[in-house]
Amino acid sequence: MGTALFNEDKFSGITLNPEESKVLLLLGNQKDKYMIMSHKITIHDQKYVVSYDVSGAKAKMDVKSDAMHGAKVTIPLHVKVSINEFTKNEMSSPALTKKVQEEIEKILQKKAEKVVGKLQKANCDFLEIGREAAAYHPSIWKRLKWRQDYKNISINPKVQVEIIHRGIIT
């Protein structure tokens, strides 16, 4: 099960898996009340499983003119997480907590980039970048032929993760 991506009112043939769908919701500031995620991570050649609840997320959109792509969009995404489970009982170490935070950040960054790529391939403006450009950046909007140019604009998510709570550690 996942999310079907539409180009206007037609199915594009491209879907997001459940994990990618969660990242899409984070990028679009549409996080549900509860959002639990889990990843396998490696730190110092040790394999761990980390599960966490996304306690809060805030994405902003920064649209600028770009000579090569027509528009350059940066989406800083700040994600606050509460660790629910961690496979080793070592989470009390600040150094390990920082590494876990960095690993979650890397995973979410990679997934966000993949999601944006799929959105553009599907020509699906779920994040409403066109609406943002039309409303707040009319000079950029007027230069673009949105239906054709959307696939080629530069969209860069920038994920930052903050561990705000370390709950149940097993």
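Here, residue 1 is the first one in the sequence, and each next residue gets the next number. All values below were derived from every heavy atom in this structure, side-chain atoms included, with hydrogens, water molecules and symmetry-related copies excluded.
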What's the separation between atom [atom1] in [X] and atom [atom2] in [Y], rounded to the nearest 0.5 Å?
X      : Y      : atom1 : atom2 : value
Leu127 : Met61  : CG    : CE    : 5.5 Å
Cys124 : Leu16  : SG    : CG    : 8.0 Å
Asp149 : His69  : CG    : NE2   : 11.5 Å
Leu108 : Lys22  : CG    : NZ    : 11.0 Å
Glu20  : Leu119 : CD    : CG    : 10.0 Å
His165 : Ile83  : NE2   : CD1   : 10.5 Å

| query | Do the side chains of Met37 and Glu19 get nearer than 4.5 Å, heavy atoms only? | reply |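 Of all side-chain heavy-atom pairs linking Met37 with Glu19, at least one is under 4.5 Å.
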| message | Within the 4.5 Å heavy-atom criterion, are Leu5 and Phe126 side-chain neighbours or not? | response |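 Counting from C-beta outward, Leu5 and Phe126 never come under 4.5 Å.
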Looking only at non-hydrogen atoms, find the nearest pair between [X] and [Y] and report the distance.
X      : Y      : value
Lys40  : Ile107 : O-CD1, 4.1 Å
Val159 : Glu105 : O-CG, 3.3 Å
Ile75  : Ala59  : CG2-CB, 4.1 Å
Leu27  : Pro157 : CD2-CB, 4.0 Å
Ser21  : Gly2   : OG-C, 4.0 Å
Val49  : Ser38  : CG1-OG, 3.8 Å

| message | Could you work out, with side chain to side chain donor-acceptor pair (under 3.5 Å) as the rule, every residue matching Glu132, not counting sequence neighbours? | response |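 Not a single residue meets the side chain to side chain donor-acceptor pair (under 3.5 Å) criterion with Glu132.
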| Polar side chain donor-acceptor pair, Glu113 to Gln109, under 3.5 angstrom |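 Yes, side-chain donor-acceptor contact under 3.5 Å.
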Heavy-atom donor-acceptor pair, [X] side chain to [Y] backbone, under 3.5 Å:
X      : Y      : value
Lys151 : Ile153 : no
Glu85  : Ser51  : no
Asp125 : Gly130 : yes
Lys31  : Leu25  : no
Asp53  : Tyr34  : no

Is there a continuous path of hydrophobic side-chain contacts, each under 4.5 Å between heavy atoms, that joins [X] to [Y]?
X     : Y      : value
Phe6  : Val23  : no
Ile41 : Val79  : yes
Leu96 : Val161 : yes

| Hey, is Asp62 close enough to Lys60 for a salt bridge, meaning N to O under 4.0 Å? |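 Salt bridge: no.
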| task | Indicate yes or no: does Glu102 engage Lys98 in a salt bridge with an N to O separation below 4.0 Å. | result |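 Yes, this pair counts.
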| query | Members other than Ile36 in its cluster, when Ile, Leu, Val, Met, Phe, Trp, Tyr link by side-chain heavy atoms under 4.5 Å? | reply |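 Besides Ile36, the cluster holds no residue at all.
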| said: Test question: given the 4.5 Å side-chain rule for I, L, V, M, F, W and Y, name all other residues clustered with Tyr136, or answer none. | reply: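 Tyr136 clusters with nothing; isolated.
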Surrounding [atom1] of [X] (heavy atoms of other residues, nucleotides or ligands, distance under 6.0 Å), is the total greater than 12?
X      : atom1 : value
Arg143 : CZ    : yes
Lys72  : NZ    : no
Lys114 : NZ    : no

| query | According to the interplanar angle, ranging from 0 to 90°, do the rings of His39 and Tyr52 count as parallel (below 30°), tilted (30 to 60°) or perpendicular (above 60°)? | reply |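 His39 and Tyr52: tilted rings.
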